[in-house]
Amino acid sequence: MKAMIDEVRDYMAKCPYLGEYAQLNVEYLIDKVKTYSINENAGYNPIVSEDIIGNQERQFLFTFDSKLIWNEDLQNNIDNSKFFENFRNWLEGNNRKEIYPDINGIYEIGTTTNGYIFATNANEAIYRIQCYLKYYKEV
């Protein structure tokens, strides 16, 4: 059985906006542009609710990060924002079609933020979008 973050990575790798040669890592964003990473959030309770017999509604919170070119070129920065808008729309469309990662009990995946600049250097920025998935875990 694969780890949840591995299933999420496999799922995200299918996003058509990543590009054919994109590199998608887990918990590591390499030092080159057009690379991506899935990172589990820290400090959250995965159990949302529990019924009387122990069945649980759970959540998995994570970020999707990308290192992209960032500079004074207006169109470049608009394109960076557009990438995250497309990414969010892809997740929303998959929800409507019930296309999910291969995780038992999953019923929703989505974002809680738009893509935003998390960190910058002279000509690159790390963009981040906060994501979640919700699933049931039965006893």
Side-chain angles (χ1 to χ4, degrees):
M1 181 177 187
K2 290 169 85 173
M4 184 162 306
I5 200 161
D6 196 21
E7 293 291 354
V8 170
R9 183 200 171 279
D10 288 351
Y11 176 80
M12 295 296 183
K14 297 173 186 168
C15 178
Y17 303 106
L18 293 186
E20 185 177 354
Y21 301 107
Q23 185 165 356
L24 178 57
N25 290 305
V26 171
E27 307 288 346
Y28 182 72
L29 191 59
I30 66 171
D31 193 19
K32 72 179 205 183
V33 296
K34 292 203 174 183
T35 56
Y36 308 91
S37 181
I38 307 294
N39 312 289
E40 184 172 2
N41 289 9
Y44 73 94
N45 185 353
I47 301 169
V48 175
S49 65
E50 187 171 356
D51 67 21
I52 196 160
I53 60 172
N55 296 317
Q56 297 173 339
E57 180 182 3
R58 292 181 155 234
Q59 63 183 348
F60 179 76
L61 303 179
F62 61 98
T63 63
F64 180 84
D65 293 354
S66 177
K67 183 173 278 194
L68 300 171
I69 293 172
W70 173 75
N71 54 35
E72 70 280 350
D73 179 16
L74 179 63
Q75 189 58 53
N76 176 78
N77 297 337
I78 289 170
D79 291 344
N80 290 348
S81 292
K82 184 69 175 167
F83 167 83
F84 282 96
E85 182 180 341
N86 289 337
F87 176 80
R88 187 183 67 241
N89 290 338
W90 177 73
L91 285 177
E92 290 170 358
N94 283 355
N95 258 336
R96 284 190 297 278
K97 298 172 195 168
E98 298 182 358
I99 300 170
Y100 302 122
D102 188 18
I103 297 168
N104 287 338
I106 188 169
Y107 64 90
E108 186 176 356
I109 188 166
T111 65
T112 58
T113 66
N114 292 322
Y116 59 91
I117 294 175
F118 178 72
T120 63
N121 68 23
N123 60 357
E124 299 170 347
I126 296 173
Y127 287 79
R128 173 170 283 175
I129 189 166
Q130 302 280 338
C131 303
Y132 68 92
L133 66 82
K134 294 181 181 178
Y135 63 103
Y136 294 110
K137 185 174 182 181
E138 295 182 355
V139 178

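Residues: numbered from 1 along the sequence shown.
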(message) Just so I know, are the side chains of Phe87 and Cys131 near enough to count as touching, which here means a heavy-atom distance under 4.5 Å?
(response) yes
(request) Give, for atom CD1 of Ile129 and atom OG of Ser66, the distance between the pair rounded to the nearest 0.5 Å. (result) 11.0 Å
(request) Output yes when a side-chain donor or acceptor of Asn80 lies under 3.5 Å from a complementary backbone atom of Ile69, and no otherwise. (result) yes
(message) I'd like to check Lys34 versus Leu68 (side-chain heavy atoms, cut-off strictly below 4.5 Å). Are they in contact?
(response) yes
(request) Not counting sequence neighbours, which residues clear side-chain contact (heavy atoms from CB on, under 4.5 Å) with Gln130? List them please. (result) Asn41, Thr63, Thr112, Thr113, Tyr116, Arg128
(request) Compare all side-chain heavy atoms of Gln23 with those of Ile30 and state whether any distance is below 4.5 angstrom. (result) yes
(request) State, with a plain yes or no, whether a side-chain heavy atom of Tyr100 is found less than 4.5 Å away from one of Asn95. (result) yes
(message) If I take atom CD from residue Gln59 and atom NZ from residue Lys134, how far apart are they, to the nearest 0.5 angstrom?
(response) 7.5 Å
(request) List in chain and number order the residues that pass side-chain contact (heavy atoms from CB on, under 4.5 Å) with Ile99, two or more places apart in sequence or in another chain; answer none if no residue qualifies. (result) Tyr11, Asn94, Lys97
(message) Please give me the minimum heavy-atom distance between Ser37 and Tyr28, naming the atom from each residue.
(response) OG-N, 3.1 Å
(request) Name all residues meeting the side-chain contact (heavy atoms from CB on, under 4.5 Å) criterion together with Asn123; count only those two or more places apart in sequence or in a different chain, and write none if there are none. (result) Asn121
(request) Quick one: closest heavy-atom pair of Leu91 and Thr111, and the distance? (result) CD1-CG2, 3.7 Å
(message) Counting neighbours of CD on Glu138 that are heavy atoms of other residues, nucleotides or ligands and sit closer than 6.0 Å, is the number greater than 12?
(response) no
(message) Starting from Ile52 and following side-chain heavy-atom contacts under 4.5 Å between hydrophobic residues (I, L, V, M, F, W, Y), which residues can be reached?
(response) Ile53
(message) Can you tell me how far apart CG (Asp79) and CG (Leu74) are? Round to the nearest 0.5 Å.
(response) 9.5 Å
(request) Could you grab the distance from atom OH of Tyr135 to atom CD of Glu108, nearest 0.5 Å is fine? (result) 14.0 Å
(request) Mind listing the closest non-hydrogen atom pair of Ile117 and Tyr127 along with its distance? (result) CG1-CE2, 3.5 Å
(message) Quick check against the 3.5 Å criterion: does Tyr44 have a side-chain atom that pairs as donor or acceptor with the backbone of Leu61?
(response) yes
(message) So Met12 and Tyr36, do their side chains get closer than 4.5 Å, heavy atoms only?
(response) no
(message) Grouping I, L, V, M, F, W and Y whenever their side-chain heavy atoms are under 4.5 Å apart, do Val48 and Ile109 come out in a common cluster?
(response) no
(request) Determine, using the 4.5 Å side-chain heavy-atom cutoff (strictly less than), whether Ile126 and Leu18 are members of one ILVMFWY cluster. (result) no
(request) For the pair Phe64 and Leu24, evaluate side chain to side chain contact (heavy atoms under 4.5 Å, CB included) and give the outcome as yes or no after the intermediate values. (result) CA-CA 10 Å; Phe64 180 84; Leu24 178 57; 4.0 Å; yes
(message) What I'd like to find out is whether the side chain of Lys67 reaches to under 4.5 Å of the side chain of Asp31, using heavy atoms alone.
(response) yes
(request) Find out whether Phe83 and Ser81 are in side-chain contact, i.e. whether some heavy atom of one side chain is under 4.5 Å from a heavy atom of the other. (result) no
(message) Consider side-chain contact (heavy atoms from CB on, under 4.5 Å). Of Val8, Asp6, Asp65, Asn25, which one does Ile38 pass it with?
(response) Val8
(request) Identify, with sequence neighbours excluded, every residue that meets side-chain contact (heavy atoms from CB on, under 4.5 Å) alongside Asn45. (result) Ile47
(request) Work out which heavy atom in Ala125 is nearest to a heavy atom in Thr120; give both atom names and the distance. (result) CB-CG2, 3.9 Å
(message) Rounded to the nearest 0.5 Å, what separates atom CG in Asp102 from atom CE in Met4?
(response) 11.0 Å
(message) What's the separation between atom CG in Asn77 and atom CH2 in Trp70, rounded to the nearest 0.5 Å?
(response) 8.0 Å
(request) Kindly say whether Phe60 contributes a backbone atom to a donor-acceptor pair with the side chain of Glu40 at under 3.5 angstrom? (result) no
(message) Through direct or indirect side-chain contacts below 4.5 angstrom among Ile, Leu, Val, Met, Phe, Trp and Tyr, which residues connect to Tyr136?
(response) Tyr107
